[in-house]
2 protein chains.
Amino acid sequence: MKRNSRLSLALHTLSHMAGGPDRLRTSSDIADHAGTNPVVVRRVLGKLRKAGLLISEKGHAGGWRLARQPQDITLADVYLALDERMVATQEKSEAPACSVEHALHKRVSSVLEEIEENLVQRLGETSIAEVRGA
Amino acid sequence: MKRNSRLSLALHTLSHMAGGPDRLRTSSDIADHAGTNPVVVRRVLGKLRKAGLLISEKGHAGGWRLARQPQDITLADVYLALDERMVATQEKSEAPACSVEHALHKRVSSVLEEIEENLVQRLGETSIAEVRGA
DNA sequence: TACTAATGCAACCGCAAAAGTTACAGATGA
DNA sequence: TCATCTGTAACTTTTGCGGTTGCATTAGTA
Ligand code: FES
Ligand code: FES
């Protein structure tokens with residue numbers, strides 16, 4: 001696959017599921033479709049399951065399906081479920097040598113934070129159903 | 001450093017320069033301040049120079065300074081200068097097995113593209129001067 | 001002219017994150 | 001009882017990126 005694959009994989013998979021929300025799909029099917037492998041799929045979808053976006057069923061004839069209606073799943077739900085931060089720094093205390101202008105440093109961080117929030121808000125305005133829709 | 005370091009480094013550096021726009025700073029000074037090394041700094045700032053945001057002067061007593069007034073440099077300028085794409089896939093033809101639903105695939109990509117554009121637009125609303133400002 | 005100090009750039013190293021892979025336990029329907 | 005699917009852990013492979021070294025070039029300065 002490529003970079004940023006997790007969000008991309010999640011979105012593509014959910015979009016497919018949006019048509020035929022009741023049909024169960026195995027991680028193997030999904031992996032074939034997405035050009036990756038079942039374990040990677042289960043890793044990503046597992047996060048979506050923990051976030052309550054998907055339901056998985058074990059055993060024979062098991063698989064994955066949407067936990068809600070497509071119109072009730074926003075891109076922000078997906079983004080947040082993956083727990084990545086694309087804009088803001090994944091802060092690790094990063095102490096700068098910038099002691100005198102420490103205020104400036106925090107200022108930069110907070111601006112980045114605002115941008116991140118804005119992104120999430122924007123993502124919240126589109127649902128999976130709309131992605132599929134048109 | 002950490003993840004997303006290029007945008008972060010660029011923003012911090014420009015913010016510092018916004019106070020004292022005429023003073024020349026060497027990549028070495030900047031590296032010390034940012035906790036990295038001169039070559040990395042020159043790599044990142046080089047992109048900003050190509051984008052016309054910075055001017056570098058070679059030779060003895062050379063260094064870096066802003067090419068424009070801080071209020072005329074937006075975060076979008078910086079983001080675009082670095083030529084990264086945080087949301088949209090850095091498309092590499094990624095041919096999906098998704099032949100039947102090819103339209104859906106493109107749809108997903110275009111949604112991601114819209115989000116990316118929205119991000120850039122948001123970044124365009126803040127200038128370096130404002131970051132420093134307050 | 002010689003010396004010093006800076007950028008610009010290419011080539012490489014090393015690390016860490018992420019994908020890919022293998023293996024297997026547990027669950028569940030046939 | 002068997003086949004099939006999830007859940008997870010452990011391991012390997014790939015890759016992006018910061019870090020490092022080296023050196024040509026440029027430009028002040030003595
Ligand atoms: S390191 Fe000085 S502002 Fe961030
Ligand atoms: S792979 Fe099917 S929509 Fe992208």
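In this text the structure is predicted, and so the values were computed from the model without any measurement. Every chain is numbered from 1, with letters handed out A, B, ... down the list of sequences. Atoms considered below: every heavy atom in the structure, side chains included; atoms not considered: hydrogens, waters and symmetry mates.
- Across C:dT7, C:dT22, D:dG18, the shortest atom-to-atom separation from the side chain of B:Arg43 is found for D:dG18.
- Nearest-nucleotide positions on DNA chain D for B:Lys58 and A:Ser27 put A:Ser27 closer to the 5' end.
- Atom pair A:Leu45:CG and D:dT8:C1' shows a separation of 15 Å (rounding to whole Å applied).
- Closest-nucleotide positions on DNA chain C for B:Arg49 and A:Asn37 were compared, and the one nearer the 5' end corresponds to B:Arg49.
- Between D:dC5 and A:Arg25, no contact under 4.0 Å exists linking OP1 or OP2 to a side-chain N or O.
- Out of D:dC5, D:dC17, C:dG8, the shortest distance to the side chain of A:Thr26 is found at D:dC5.
- Nearest nucleotide to the B:His60 side chain, out of C:dA5, C:dT7, D:dA10: C:dA5.
- Using bins of under 30°, 30° to 60° and over 60° for the plane-to-plane angle, the ring pair B:His105/A:His12 lands in the tilted bin.
- Here A:Gly62 lies in heavy-atom contact (under 4.0 Å) with sugar-phosphate atoms only.
- Considering only the side chain of B:Arg42, C:dG8 comes nearest among C:dG8, D:dG18, D:dT6.
- Contact annotation: B:Ser56 reaches the phosphate of C:dG8 (side-chain N/O to OP1 or OP2, under 4.0 Å).
- In this model, no donor atom of one side chain and acceptor atom of the other lie less than 3.5 Å apart for B:Ser15 and B:Arg132.
- Residue A:Ser5 has its side chain nearest to C:dA19 when only C:dT7, D:dT6, C:dA19 are considered.
- Around CD of A:Gln71, the count of heavy atoms belonging to other residues, nucleotides or ligands within 6.0 Å exceeds 12.
- Looking only at atom types and distance, the side chain of A:Glu130 has a donor-acceptor partner in the side chain of A:Ser127 under 3.5 Å away.
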